[in-house]
Amino acid sequence: MAFINYSKREIQLKIVYYGCALSGKTTNLVNLHQNVMSTQKGELVSLATEADRTLFFDFMSLNTQTLPGFNTRFQLYTVPGQPVYNATRQLVLKGVDGIVFVVDSHWDKMEDNVESFANLQENLIENHLSLAQIPYVLQYNKRDIENPAPLYYLEYCFNNRANKVLSFEASAKSGQGILETLNGVARLLLAKYSKSTGANKEQAPTTP
Amino acid sequence: MSGIGMLSVNDQMVIEKHLGDFLGKSEAQWTALVDRGGNLFSEAGDIGTLDVTVLSALAAGSFSATKELAKRLGEKEFMALYHEGLHISILMMSLYYDCLLLTVFSERTNIGLVRFYAQQTSVSLNACLETASQSSALAEPLTIDSELSEHGTIIS
């Protein structure tokens, strides 16, 4: 839930990167942290196991001055992707404002991707939310691998609905597409505060 | 729902006064009102160069992570959580509307004193949160007259 502080003229928004294990959620945050301007970003905190697998969450904050008169603070979180950490994923989703669902483009990860997407919907229900209420974008990650699942197939699996959501091709490892993804979800979140784009604007069609 | 949607200038002033009073009486180092989503609402005191946003996110996560343990013990959740360090400790107390009172304190004071005043302060803060939540529910949605282009860059 967005928090508006009129005294500090600040809006705080929580964005969660969700997806199956090893889909590249942490890599997104690590590369964002390396690439965004230093004046905008806070510390990147990673609660990982010794094998660098996310145990609790990764976290970083980004400040922008997009809306005049208000500082916007985006709080970026990742969830642990491994199935055993479902309770943790539910906790991290608490108070979420926007979601980036990271899809692994490997063919053999399709089942995990689909399971994770279903798990996201279940965990949102646990938090009394749904994908119809929460703005989200899709990131088709690892597009640089050999023989990735084709785009039309990914769109069919994850974006096959009347109101298509924004989707982005990315290679989080090289940094390609990660800023576009974040800007995509940030625009969706800020649109409801901006008169020029209209309140509660519907999500735009797919732009792969 | 996590936390409250907004804080007016007046709400913020009242909360800051309660936090300041609490800090003075308990001799703690830093105190903050946060929600379990990790949002920092208000703070008082000096935590040095520590990133308070990160501190809030980690504390909120740490508190929420004990819920399952509480359930196993037959409690809905724990009302307070205390981490004792060699020199610095932290007390987290549950408040209304999924909020938390975080207090960082050093050896200058002790857990008994901090906890005593934290309990008193939590009553005052709960009343503030009740008021803030009611005004938040009645408030017009925030709209800002700005040009947010369809494909413009927000973060670069």
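Letters A, B, ... are given to chains in the order of the sequence lines, protein chains preceding strands, and every chain is numbered from 1. Computed from a predicted structure; not experimentally measured.
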Against chain B, label A:V45 side chain, backbone, both or neither, depending on which of its atoms sit under 4.5 Å from a heavy atom there. side chain
So what's closer than 4.5 Å to chain B heavy atoms on A:E43: side chain, backbone, both or neither? both
Does A:S171 reach the main-chain N or O of A:Q176 with its side chain, forming a donor-acceptor pair under 3.5 Å? no
Within 45° of the ring axis of A:Y77 and under 6.0 Å from its six-membered ring centre, is that where the NZ or CZ of A:K14 lies? yes
Regarding A:N123 and A:Q90, do their side chains bring together a donor and an acceptor under 3.5 Å, going by distance alone? yes
Among A:V137, A:V100, A:I178, which residue satisfies the side chain to side chain contact (heavy atoms under 4.5 Å, CB included) criterion with A:F168? A:V137
Against chain B, label A:F3 side chain, backbone, both or neither, depending on which of its atoms sit under 4.5 Å from a heavy atom there. both
Between B:S62 and chain A, with a heavy-atom cut-off of 4.5 Å, which part of the residue counts as in contact: side chain, backbone, both or neither? backbone
Taking it one step at a time, do A:F117 and A:F101 satisfy ring pair (Phe, Tyr, Trp, His ring centres under 6.0 Å)? CA-CA 8 Å; A:F117 198 61; A:F101 186 77; 4.9 Å; yes
Interface check, chain A: of B:K67, B:E16, B:M6, most non-hydrogen pairs under 4.5 Å belong to B:M6
What part of A:K8 gets closer than 4.5 Å to chain B, counting heavy atoms only: side chain, backbone, both or neither? side chain
For the residue pair A:Y140 and A:F158, categorise the inter-ring angle as parallel (less than 30°), tilted (30 to 60°) or perpendicular (more than 60°). tilted
At a 4.5 Å cut-off on heavy atoms, which part of A:A87 comes close to chain B: side chain, backbone, both, or neither? neither
